[in-house]
Amino acid sequence: MNSLYFSIAIRFVMLVFLQVLIFNRFDLFGTYDPYICLVFILMFPIKINRIAFLIICFFFGIILDLFSNSYGINAAACLSIAFLRPFILNFVFGSFFDPHGIKMMKHYFNDSSIYQNILYLFIIIFLHHLFMFSLEVFSLNQFSLIFIKTLNTSILSFIFCATFIYLLVQNEK
Amino acid sequence: MQRIIDSILAKKDVLVFLILLLFSLYLIINSNYYHKSKVLNLSNNFTTHILNEYSSINAYFKLKEYNKALIKENVSLKNELQNFKFIDLDSAFLKKEFIYSDAKIISNNISLLKNFLIINKGSKDGVVNEMGVVSSDGLVGIVNEVSENYSSVMSLLNLNSRINAKVKRTSHFGSLEWEGLDINILILKDIPKTAKINIGDSIVTGGMSAIFPENIKIGLISKVGFNIKLDNYFRIEVKLHNDMTSIRNVYLLSSLYKNEIEQLKIKVNE
């Protein structure tokens, strides 16, 4: 259990710095940055108690906010994703999902079909971006703008996160 | 009573979620006000410190580019100065309205819809709210929050930013906004259809506020269209001169007559 928390702490620090110092400066196609920090939430061990998960994700978001000068939007988006993740896991993996966390996240990625993996990644990334951009703009007038921005950024984030997770899972074997 | 407590405890994760969500919503709504909460200001100094160190390392590798840009600016300024040397003027008679000072951008975010920059000058160096920020190529933004050593600047690329601008050739005024997707294009609104406007006309600041002086260049008109057919105003796309992704050295503008103008406005409102 201790080593589990230790690896979470390392991922926390590493992904925050990767996101803030490198990926926030990508500016692909002008204005799109991939959100690789979502790997932290996507790969978070299921074994850990849900309340601890919520609190850790909240602070993860707050720290991202402090670095990118955006007050609270990342915190709210990360928190909502953390809250919704068990339902999404249940929806995507069905009976394969066990809420007590005997299986590790890498088993989910290895033992289920590629469509399930893609669906899981895309739902979480898309919802995160949707929450984030709509909280940022905070008005319904610009829904089409929010939607286009969300879709483009999520496709980009999806490519980067999928590659990152593939590398992580491959190396852990 | 026991039952109520039990039913709450059974769903304690929902409770934690709601409490944390309310707190983050509080932060978001609070950030829209002028004075942000002190907690965030304090910790902001710690993160900006890290960003400052990192950007100074990064800047080292781009020194060549920065030098080129500075020399280019020097050349154009010297050429401009030539025009004035033949005029015999005592500098005491020249009226100065704005004072320039230098600053460096340490964090530049453009991927969000309400983007802010951070610069390395704060209240210690005399920065106050609503100072204009320009680069050698054009506008950058307006200072919106100041701490002791750093200040945050609302970028041109922010859905909330409104800049008073005019078409240089015809002197028609309008307000310049960003639409959220293309970082090179801003939209100039409120120019009436009667104005004779061509593609390629240059857009400069209007000088209607105490933030920017008149005639600072912004960009060129790249497309002229209409919002709705029956509307009486143009929708003009303006291509920016400066590349917002790679700015480092900027100038802060402080108006010498700001207080006077504001006092006058208060008097008029009364």
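Note on naming: letters A, B, ... go to the chains in the order of the sequence lines (proteins, then strands), and numbering restarts at 1 for each one.
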Heavy-atom donor-acceptor pair, A/Glu136 side chain to B/Lys114 backbone, under 3.5 Å | yes
B/Tyr233 atom OH, over 12 foreign heavy atoms within 6.0 Å = no
Gap separating the CZ atom of A/Arg25 from the CG atom of B/Asn109, nearest 0.5 angstrom | 9.5 Å
Carefully, step by step, assess A/Leu66 and B/Thr48 under the rule side chain to side chain contact (heavy atoms under 4.5 Å, CB included).
-> CA-CA 9 Å; A/Leu66 289 178; B/Thr48 38; over 6 Å; no
Is the number of heavy atoms from other residues, nucleotides or ligands under 6.0 Å of A/Ile114 CD1 greater than 12?
-> no
Given side chains that start at C-beta, do those of B/Val16 and A/Phe58 come closer than 4.5 Å, heavy atoms only?
-> no
For A/Gly72 and B/Ser24 the tightest heavy-atom approach is O-CB, 3.9 Å
On a heavy-atom basis, the closest approach of A/Phe67 and B/Ser107 is O-OG, 4.5 Å
Which answer fits A/Ile55, side chain, backbone, both or neither, if we ask what part of it has an atom under 4.5 Å from a heavy atom of chain B?
-> both
Between B/Asp13 and A/Asn49, is any pair of side-chain heavy atoms under 4.5 Å apart?
-> no
Which is it for B/Val14 and A/Phe83 under the side chain to side chain contact (heavy atoms under 4.5 Å, CB included) test, yes or no, and what are the steps along the way?
-> CA-CA 8 Å; B/Val14 179; A/Phe83 181 71; 4.1 Å; yes
Starting at CG of A/Leu79, measure out to CZ of B/Phe23 and round the result to the nearest 0.5 Å.
-> 11.5 Å
Could you give the distance from OH (A/Tyr32) to CD1 (B/Ile183), rounded to the nearest 0.5 Å?
-> 10.5 Å
Tabulate, in ascending numerical order, the residues of residues 151-160 of chain A having at least one heavy atom closer than 4.5 Å to a heavy atom of chain B, or enter 'none'.
-> none
Between the OG1 atom in B/Thr47 and the CD1 atom in A/Ile63, the distance rounded to the nearest 0.5 Å is 9.5 Å
Enclosure of A/Phe26 CZ (heavy-atom neighbours >12, cutoff 6.0 Å) | yes
Honestly, the part of B/Leu20 sitting under 4.5 Å from a heavy atom of chain A is both
Bottom line for B/Asn184: the part with an atom under 4.5 Å from chain A's heavy atoms is neither
Side-chain contact test, heavy atoms from C-beta onward, threshold under 4.5 Å: evaluate it for A/Gln142 versus B/Leu113 and give yes or no.
-> no
Turns out that what part of B/Leu15 lies under 4.5 Å from chain A's heavy atoms comes down to neither
Checking heavy atoms, do the side chain of B/Phe17, its backbone, both or neither come under 4.5 Å from chain A?
-> both
Most chain A-contacting option - heavy-atom pairs closer than 4.5 Å, from B/Thr245, B/Leu51, B/Asp182 | B/Leu51
Applying a strict 4.5 Å limit to non-hydrogen atoms, the region of A/Phe23 in contact with chain B is neither
Distance in Å, B/Ile50 CD1 paired with A/Leu21 CG, rounded so as to fall on 0.5 Å steps = 8.0 Å
Most contact-rich option vs chain B, by heavy-atom pairs under 4.5 angstrom, among A/Val137, A/Ile148, A/Ile146, is A/Val137
Quick one: does B/Lys12's side chain have a donor or acceptor within less than 3.5 Å of a partner on A/Ile51's backbone?
-> no
Heavy atoms, side chains only, cut-off 4.5 Å: are A/Asp33 and B/Leu112 in contact?
-> no
Examine whether an atom of A/Tyr35 lies under 4.5 Å from a heavy atom of chain B, and if so say whether it belongs to the side chain, the backbone or both; otherwise answer neither.
-> side chain
Minimal heavy-atom distance between B/Leu21 and A/Ser80, with the atoms involved, is CD1-OG, 4.0 Å
